[in-house]
Each structure stands twice: as C-alpha cells, then as structure tokens.
Amino acid sequence: MNDLDDAELEEDIAGLNELDLYPDSEEEIIPPESDEDEPPPPPDDEDDPLITLETMKTNLQFVRMVEEATLESQFSPTELDAFRNPQELQFSPSDDPDLCLSISFFIAGLDHLQSQKSYASAREDIKHRYPDSEMLSYDQVKRRVSDLSGVLAWKHDMCVDSCAAFTGPFARLEECPRCNKPRYDEEQLRRSNGKKKVPRKVFTTFPLGPQLQSRWRSPEMAQNMRYRRNKTRDLLEQCAHGEKYVYDDVFCGADYLDAVEEGEIKDNDTVVMFSIDGAQLYRNKKSDCWIYIWIILDLAPDQRYKIRNILPGGIIPGPNNPKHLDSFLFPGLAHISALQKEGMYIWDAYDRVVILSFIILLLVFADAVAMAELSGSVGHHGKKGCRIFCTLFGRNKPGGPHYYPVLLRPNDSNVNGSNHPSFDINNLPPVDSAKYRDDLNNVLASPTEAEYRRRRLDTGIRKASIFDGVPRILEPPTCFPGDIMHQPVINLTALMYELWGERDSCKKGDTTGEAWDWAVLKGDTWKAHGQAVAGAASYFPRS
C-alpha cells in the first residue's frame, strides 16, 4: 500500500464510500472566475502544517486504508476468535477476595503513580502476614484488569519529536516523513548490525471494541445502555403524533432521527462520540500530550460524562504538538471502520443473549485548532473558517494573513477581502453536505500549487478528512459540530473576568482602584449572575 502510483490511487479513491473524493481524469477543470476585488491568498501561518498536492495524496491514502481496514490485521488469531465469540462472565470479581485485594492495590498504585516494584513489595508484606493469601503478581493482576475492563494497549512507533506516527502509509518508513529524524535507536542498530530495531518513541491506542464488549457483560451497564433506544422511540412517537418535545439531548436532532427512520441506526447499534484535546500534565508547562476519548451516547446524559464511563481512545506523547494528526488517529479509526463493516458480537448480560451491534460514530469534537486537522479545513483564521463550512466569509485584516468572522461590513471601508455585504447570523443556510463534497473534489483536483491555494481560500478546505474513511458516521461536515465549551465557557469567560476585574490595572500595581473610572454588576446583580451560572452548571460536561 505504500507504493501506490497516481493511477492506482485515483482508481481506489474514486469508490471511497461513494464520496467521489477524486474526480475522473477526463473531467475538464474550470478555474474559478477572477475577482479583481479579491486579494491574493495570504501567506501560510508559520504554525500551520504545510499542505501540498503531494501531501494531499498521502492524506487520501490514509482515508482509503481506514476504509479498507480489517480485524484480521489488528488481532492475533487467538484474540480475534475470543473477540468474535464473547462469553458470559462466569463469576463476579467481588466473589474472589484475593482478586479484589489485588485489583485494589493495582488501582491505588496507578492513582498514586506507584511503581511495579512498590506493588511487589506490598504483596510480599501481605503474604508474609497472611501466608494463605493468593494475591496476584503484578503481571497477573494487570492481565485480569485488562480482561475485565476490555482495555487493551496497542503500541505504535512515532517520531521522537512527535511529528508523525509510523502507521498507515508511513508504516514502513525508517525516518520521520516531516523532520527526517531516525525512527529507531541508532546506537542499538549499530551494535546489532541493523538487526535490533528499538523505536525511539511510541504512542498508545486503546481499541474501542473490547471495551464496549466488557461493559455489556455487566447486567447493570447493559440495562443502562438501553437509554438511547428508549429515548429514540419516545421521540419518534411524539413526532408521529405531531407533538412538540424538549430538545434535551443530542438524539432530538433531525439528522439522527432521520438516520434512525432510514434504518441506518438500529436498536442494537452502539452510538459514540469522539473527542480530542491537548492535556497539560504539569502546571507551568505547555500541553505535553494529546488524548482522545470515546463517549458512549447510549447512556443517559447524567451517566455518559462520568469518568468511569468515558472510554480511553489514545494517548499521543509530547511535548510537541503532533504535526500529522491523521497518522496518530489511524489505528483507532481503522479499528472502528473494521467493526462498522463486520459488526461486533456482544454478550448482553441483561437479556442474556448474544447480539450483533454496529458502532455508529455520530459526532467528532475538538477545539478550533484540532478541528482544522480533523475536518481538513483551513482553521478559524481562514477566509471560510467555519468548521461546518457555512456561507460566512471572514474579513481580512489589512497587512495580515488572518481573516476574522466579522458579520457587519465596516463603515467607509475599501479594504480588499472585507467589502462583501453584512451577514444576518440568524438567517444562514443550513449545512450542505453535497456542496462540501463538490468543494472537496474541486480542491483535490487542483492542477497546480497556485490553483490549489486559490481553491483552498475560496472553499475553506485544504485536504480530505480522515473521517471520510469511516463508513458509519454522520455525513461530513455535519459530524463536526460547533464548540460550546471553549468559546462561551472558557475563552469569553476569561476575557470578561479580566475586563470586569480590571486585572490590567492590578498587574501594573494599582490595587487601590483609583485609576478605575467605572464598575459593573453592583449590588444584587452579582447574586443574580451567580444564580444564573449555578443554574446552567448541569449542562456543562465535567472538566
């Protein structure tokens, strides 16, 4: 798969999930009409990864390989047989005191960052005091915890500087495709005459399928997983009777309900949501790893965001941000794709029966920076920076490369790139998936780098999204919803706090308030504001 020529790649991509990502070669390419009022595309932001025609072909290879993924390439024969034939849990861990003790010490060690050596020492002390104890060794309890939880750890090599992962089309490379740094420890290679290949750095993927199987083996959890099907039936019944309902969950949306009525989502299917973000593990350092998770939407809203119900997807070590995010997401998404084609057998402990479930990826969440990588968009500073590719055009700041989503046309302005009419934010057209596909095809068919840059500017698309290779997903760009956390809850709150508290004067040494010429939210206003925040708290996911 690493040696595809252009003709093979175009032939493979043409049938990719019926998205027609690569137009027929005989189709005439018509350049967009010129616009004298439109400035040339601004230079790329230094922080943006470079996207060229050649790298777009690599992105398409990732998309195709996700779509073609199979379970046989992900599990050993023994593991695959066990996965395809789930069995009823024959015992409860609470019935085995030694197992409970072992798991308690194992989890406590993880919580307090204690080592394997500490666990072994504690085990020896317990066995010395209670010789009859059959407390498990560290390796034994680790395997039992993995079996019970379904959490498997897949390790893949990555660039030592976190540029890219050696997966998909990069799997056979021995140097980073971006910085050219070696994949393996050169000293180990030299000493072994090239036989011992020790990766300099690895990242971890936790496949979703075994984790879901494990949860269904619990009668209580299996019962809780019926929330979605019951909620959906109630909503469809209300719709059939022309009744209005409260929009209190993601399943109230028309896109989801349409998919259910068309038979694309069934009762036994498992609906999940993907979310990724950088994690700052140390207080005064920049984010030094990226983590992505799976949220089970089949659970009720008061259950799905609890820590114990959020499933790990992958951990990408830093301290640098990943430059080629697709390569790190590839193992997890390839696993999802394989499950979506074949289905996943589950032991339903509530009804005590084996069922076939297909995983449905409904939504993909990320902040503005990560979303640009996930969706293949130009990002929030592009001329068309909306993550759902709406018709809103940004306005260019003179002399700078960035566009801003300014709705009103500036008064007495004659700045190229900002003279289009004002927008009515309450009257924007809905998301148009067909236009998104047409625009994507147009960008991918760019004959030259210059034409590619122009089409990227006009469409807001710079590459194909790796999620185009996932067979069962809410159709892009509908699956890339707006961010309701960072902008209103974090960013604006921080800005308003600085403004209301006049923090700038405090930072300059004026703590008396003599330089403050105004104040807001006096008297009972603060109390009312606090009550409003407290009343909205239940709608925000736990941090």
Side-chain angles (χ1 to χ4, degrees), residues 1-2 4 12 15-18 61-89 143 146-157 165-172 202-217 222 225 264-266 268-274 292-296 298 311-315 326-349 353-362 364 466-473:
M1 291 184 179
N2 297 338
L4 296 174
D12 288 331
L16 181 59
N17 204 27
E18 299 182 353
Q61 283 183 291
F62 273 102
V63 173
R64 196 207 71 176
M65 293 178 71
V66 165
E67 190 199 27
E68 294 183 347
T70 63
L71 292 178
E72 283 80 5
S73 64
Q74 300 167 3
F75 295 97
S76 68
T78 302
E79 291 173 334
L80 185 56
D81 181 68
F83 180 74
R84 285 174 169 166
N85 298 279
Q87 303 297 316
E88 179 181 6
L89 190 63
R143 285 195 296 271
S146 178
D147 291 340
L148 291 170
S149 65
V151 178
L152 307 179
W154 290 349
K155 302 289 185 179
H156 292 86
D157 300 353
F166 295 99
T167 65
F170 300 156
R172 298 179 184 176
V202 298
F203 75 101
T204 307
T205 300
F206 306 100
L208 178 61
Q211 297 183 69
L212 290 173
Q213 280 185 329
S214 175
R215 291 182 166 268
W216 277 94
R217 287 190 296 179
M225 294 283 279
E264 298 175 5
I265 303 177
K266 298 180 174 63
N268 287 340
D269 292 340
T270 304
V271 181
V272 298
M273 181 172 73
F274 171 98
Y292 71 88
I293 60 175
W294 301 102
I295 297 172
I296 308 173
D298 290 79
L311 305 184
I315 300 176
D326 288 356
S327 61
F328 291 98
L329 301 182
F330 176 80
L333 294 184
H335 176 65
I336 294 294
S337 174
L339 290 179
Q340 290 182 333
K341 295 193 294 287
E342 179 177 318
M344 175 176 60
Y345 286 101
I346 289 172
W347 171 259
D348 181 347
V353 65
V354 174
I355 61 174
L356 179 63
S357 178
F358 289 91
I359 295 178
I360 308 297
L361 179 52
L362 195 68
V364 177
I466 191 172
F467 288 93
D468 284 327
V470 178
R472 294 172 178 253
I473 187 173

Quick check: does any side chain N or O of [X] sit under 3.5 Å from a backbone N or O of [Y], one acting as donor and the other as acceptor?
{"X": "Tyr345", "Y": "Arg84", "answer": "no"}
{"X": "Ser337", "Y": "Val66", "answer": "yes"}
{"X": "Gln211", "Y": "Leu311", "answer": "no"}
{"X": "His156", "Y": "Val202", "answer": "no"}
{"X": "Lys341", "Y": "Pro471", "answer": "no"}
{"X": "Arg217", "Y": "Leu89", "answer": "no"}

Pair Phe274 and Trp294, ring centroids less than 6.0 Å apart |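 Yes, the ring centres sit under 6.0 Å apart.
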Could you tell me whether Phe62 and Phe170 have their ring centroids closer than 6.0 angstrom?
->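 Between Phe170 and Phe62, which both carry aromatic rings, the centre distance is below 6.0 Å.
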Does the side chain of Thr270 pick up a donor-acceptor pair with the side chain of Ser357 at under 3.5 Å?
->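 Yes, a side-chain donor-acceptor pair sits under 3.5 Å.
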Between Pro331 and Phe203, what is the shortest heavy-atom contact and its length?
->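 So the two residues come closest at CG-CZ, 4.0 Å.
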Which class fits the ring pair Phe75 and Phe83: parallel under 30°, tilted 30 to 60°, perpendicular over 60°?
->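 Taking Phe83 first and then Phe75, their aromatic rings lie parallel (interplane angle under 30°).
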Among Gln74, Glu72, Glu79, find the residue that satisfies the side chain to side chain donor-acceptor pair (under 3.5 Å) test when tested with Ser76.
->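 Output: one option passes, namely Glu79.
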